Amino acid sequence: CFVAMLTCSMLAYSFCTLTTVVVVGAAAPLIGLLVELVIFRRSPFVATWHSLLSIFVVLLGVVMYGLGQGSFRTQYLGLSFLTAKMLLAVLYQTGQRFLMVEQPVDIDT
């Protein structure tokens, strides 16, 4: 999974600007939050006004960058690699969290 994420990152750098890679990567926690809301039952996401405000700021930044960028047409291939990398990262990390929280391993010593 790590090799696939690294490969997607390198390919995305070939087709996108560094700023696009950083801004799109900042949106990855939003996808992770949606996955956690659906999957986790024993330890659900607890929303506070701090977390909701930070999510709103990230969304606002991504939308402002997208509107200011103007020409994503040349970056479609890079954005597809970034999306694939984000999905792989979110699935990998939420899978680890699921195994630690939802199905913990009981080791008696």
Side-chain angles (χ1 to χ4, degrees):
C1 194
F2 175 74
V3 173
M5 288 189 299
L6 191 61
T7 303
C8 286
S9 291
M10 290 189 303
L11 290 170
Y13 282 126
S14 299
F15 298 103
C16 290
T17 64
L18 178 61
T19 309
T20 302
V21 172
V22 170
V23 170
V24 171
L30 302 175
I31 296 171
L33 176 63
L34 293 174
V35 171
E36 285 188 16
L37 287 173
V38 172
I39 292 176
F40 295 108
R41 300 289 181 228
R42 292 175 71 183
S43 64
F45 173 74
V46 178
T48 63
W49 73 272
H50 292 98
S51 59
L52 294 176
L53 180 64
S54 64
I55 290 169
F56 175 74
V57 169
V58 168
L59 269 175
L60 183 65
V62 170
V63 168
M64 286 175 57
Y65 177 75
L67 292 174
Q69 183 68 11
S71 65
F72 275 120
R73 290 191 177 134
T74 59
Q75 299 183 34
Y76 280 143
L77 189 57
L79 289 172
S80 64
F81 285 122
L82 285 174
T83 304
K85 182 197 120 186
M86 270 195 323
L87 292 175
L88 284 169
V90 166
L91 290 174
Y92 179 71
Q93 291 167 354
T94 54
Q96 285 181 343
R97 184 170 182 264
F98 181 80
L99 291 175
M100 288 190 299
V101 175
E102 298 290 321
Q103 295 181 354
V105 176
D106 187 21
I107 301 175
D108 292 329
T109 56

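Values in this document were obtained by computation on a predicted structure and should not be read as measured data. When a residue number appears, it is its place in the shown sequence, counting from 1.
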Exercise. Using the test side chain to side chain contact (heavy atoms under 4.5 Å, CB included), find all partners of Phe98 that sit at least two apart in sequence or belong to another chain.
Key: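 For Phe98 the side chain to side chain contact (heavy atoms under 4.5 Å, CB included) partners, ignoring immediate neighbours, are Ile39, Phe40, Glu102, Gln103.
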
Self-check item: Counterpart residues, side chain to side chain contact (heavy atoms under 4.5 Å, CB included), relative to Leu33 (two or more places apart)
Solution: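 Residues passing side chain to side chain contact (heavy atoms under 4.5 Å, CB included) with Leu33: Leu37, Phe45, Ile55.
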
Practice problem: Just grab all the salt bridge (Lys or Arg N to Asp or Glu O under 4.0 Å) pairs involving residues 46-68, residues at least two apart or on different chains. | Solution: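 Sorted pair list comes back empty.
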
Quiz item: Does any pair with a residue in residues 15-36 pass salt bridge (Lys or Arg N to Asp or Glu O under 4.0 Å), and if so which ones, sequence neighbours excluded?
Solution: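 Of all non-adjacent pairs touching residues 15-36, those that pass salt bridge (Lys or Arg N to Asp or Glu O under 4.0 Å) are Glu36-Arg97.
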
Nearest heavy-atom pair of [X] and [Y]: which atoms, and what distance?
X	Y	answer
Pro29	Gly25	CD-O, 3.9 Å
Gly32	Val90	CA-CG1, 3.6 Å
Val62	Ala27	CG2-CB, 4.1 Å

Exercise answer: donor-acceptor pairs, residues 5-15 side-chain atoms, under 3.5 Å, sequence neighbours excluded:
from: Thr7; atom 1: OG1; to: Val3; atom 2: O; distance (Å): 2.8
from: Ser9; atom 1: OG; to: Met5; atom 2: O; distance (Å): 3.1
from: Ser14; atom 1: OG; to: Met10; atom 2: O; distance (Å): 3.3

Self-check item: ILVMFWY cluster, Leu34 and Val63 together (side-chain gap under 4.5 Å)
Solution: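 Different hydrophobic clusters.
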
Quiz item: Given the rule that I, L, V, M, F, W and Y join up when any side-chain heavy atoms are under 4.5 Å apart, are Leu53 and Leu59 in one cluster?
Solution: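 Cluster IDs for Leu53 and Leu59 differ.
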
Exercise answer: donor-acceptor pairs, residues 80-88 side-chain atoms, under 3.5 Å, sequence neighbours excluded:
from: Ser80; atom 1: OG; to: Leu77; atom 2: O; distance (Å): 2.5
from: Thr83; atom 1: OG1; to: Leu79; atom 2: O; distance (Å): 2.8

